[in-house]
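Just below is one structure, and these are the notes that go with it.
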Amino acid sequence: MDCIFCKIANGEIPSTTLYEDENFCIILDIGPASYGHALLLPKKHYANLFELPEELAGKAMILVKKMSTVLNEAVECEGLNVVQNNGELAGQTVFHFHMHMIPRYKKDTVKIGWKIGKLSDEDRDKLAELLADKI
Ligand code: AMP
Ligand code: ZN
């Protein structure tokens, strides 16, 4: 499969690796949004969060917490976003599950955000019926 993150995980493409274990790599993003932007990726190919097994999802979150803590202290950022995109419409460009850790600084140029919307009573009731107690 022609997947850039599979190639990175297999060592076919070089990367700056910050951490590695049997399941995951954490690497520096090649096009960083800010100083210290890192990516966690599983060594096996899962296209997105929906495909990722729950057991790996739990492990990924623990590693992201640990690496974010290390980053936070090392680069002395003033905030940090954890971002994870699923699907082209959501901004995913590499279709191998990954989580971004993006340190934030007062004068950075990172844009992550949305306009605060309104939740109608109708949508609230419909969504609650669709989603509550389903997991
Ligand atoms: P996303 O838009 O969430 O799919 O993020 C993909 C990320 O992968 C972007 O931030 C890219 O800069 C990063 N990226 C693409 N190719 C490489 C690579 N060879 N090494 C490290 N990061 C990469
Ligand atoms: Zn892959």
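Quick caveat: nothing in here was measured; it's all calculated off a predicted structure. Ligands are counted one by one from 1 in listed order, and the atoms in each one are counted from 1 as well. Keep in mind that the numbers below use all heavy atoms, side chains included, and drop hydrogens, waters and symmetry copies.
- Here the closest heavy-atom approach between residue Leu41 and residue Ala9 is recorded as CD1-CB, 4.4 Å.
- There is a path of hydrophobic side-chain contacts, each under 4.5 Å, that joins Val82 to Leu56.
- Closest heavy-atom approach to atom 3 (O) of ligand 1 within the set His96, Lys7, His100, His37: this belongs to His100.
- The ring of His98 has its center no closer than 6.0 angstrom to the ring center of His96.
- Nearest N/O/S atom of His96 with respect to the Zn ion (ligand 2) is recorded as ND1.
- With ligand atoms numbered from 1 in the order given, ligand 1 contributes 21 (C) to contacts under 4.0 Å with heavy atoms of Leu28.
- For atom 19 (N) of ligand 1, the closest non-hydrogen atom of the protein is Ile8 CD1, 3.6 Å.
- Considering backbone and side-chain atoms alike, Asn85 places an N or O below 3.5 Å from some N or O of ligand 1.
- When the options Ile30, Ile102, Thr16 are ranked by their closest heavy atom to atom 15 (C) of ligand 1, first place goes to Ile30.
- Looking at Asn48, Asp29, Leu39 and measuring to atom 11 (C) of ligand 1, the nearest heavy atom belongs to Asp29.
- At a heavy-atom distance under 4.0 Å, only side-chain atoms of Phe5, from C-beta outward, approach ligand 1.
- Looking at atom 4 (O) of ligand 1, its nearest protein heavy atom turns out to be Thr93 N, 2.7 Å.
- Both Leu18 and Tyr35 are assigned to one and the same hydrophobic cluster, defined by single-linkage of ILVMFWY side chains at heavy-atom distances under 4.5 Å.
- The atom of His45 that is an N, O or S and sits closest to the Zn ion (ligand 2) is ND1.
- Judged by distance alone, the side chain of Ser34 and the main-chain N or O of Pro103 form a donor-acceptor pair under 3.5 Å.
- The shortest N/O to N/O separation between Val94 and ligand 1 falls below 3.5 Å.
- Side-chain contact between Met101 and Val64: present, with at least one pair of heavy atoms (C-beta onward) separated by less than 4.5 Å.
- Any N or O atom pair closer than 3.5 Å counts here, and Gly91 shares at least one such pair with ligand 1.
- Of the protein's non-hydrogen atoms, the one nearest atom 5 (O) of ligand 1 is His98 NE2, 3.0 Å.
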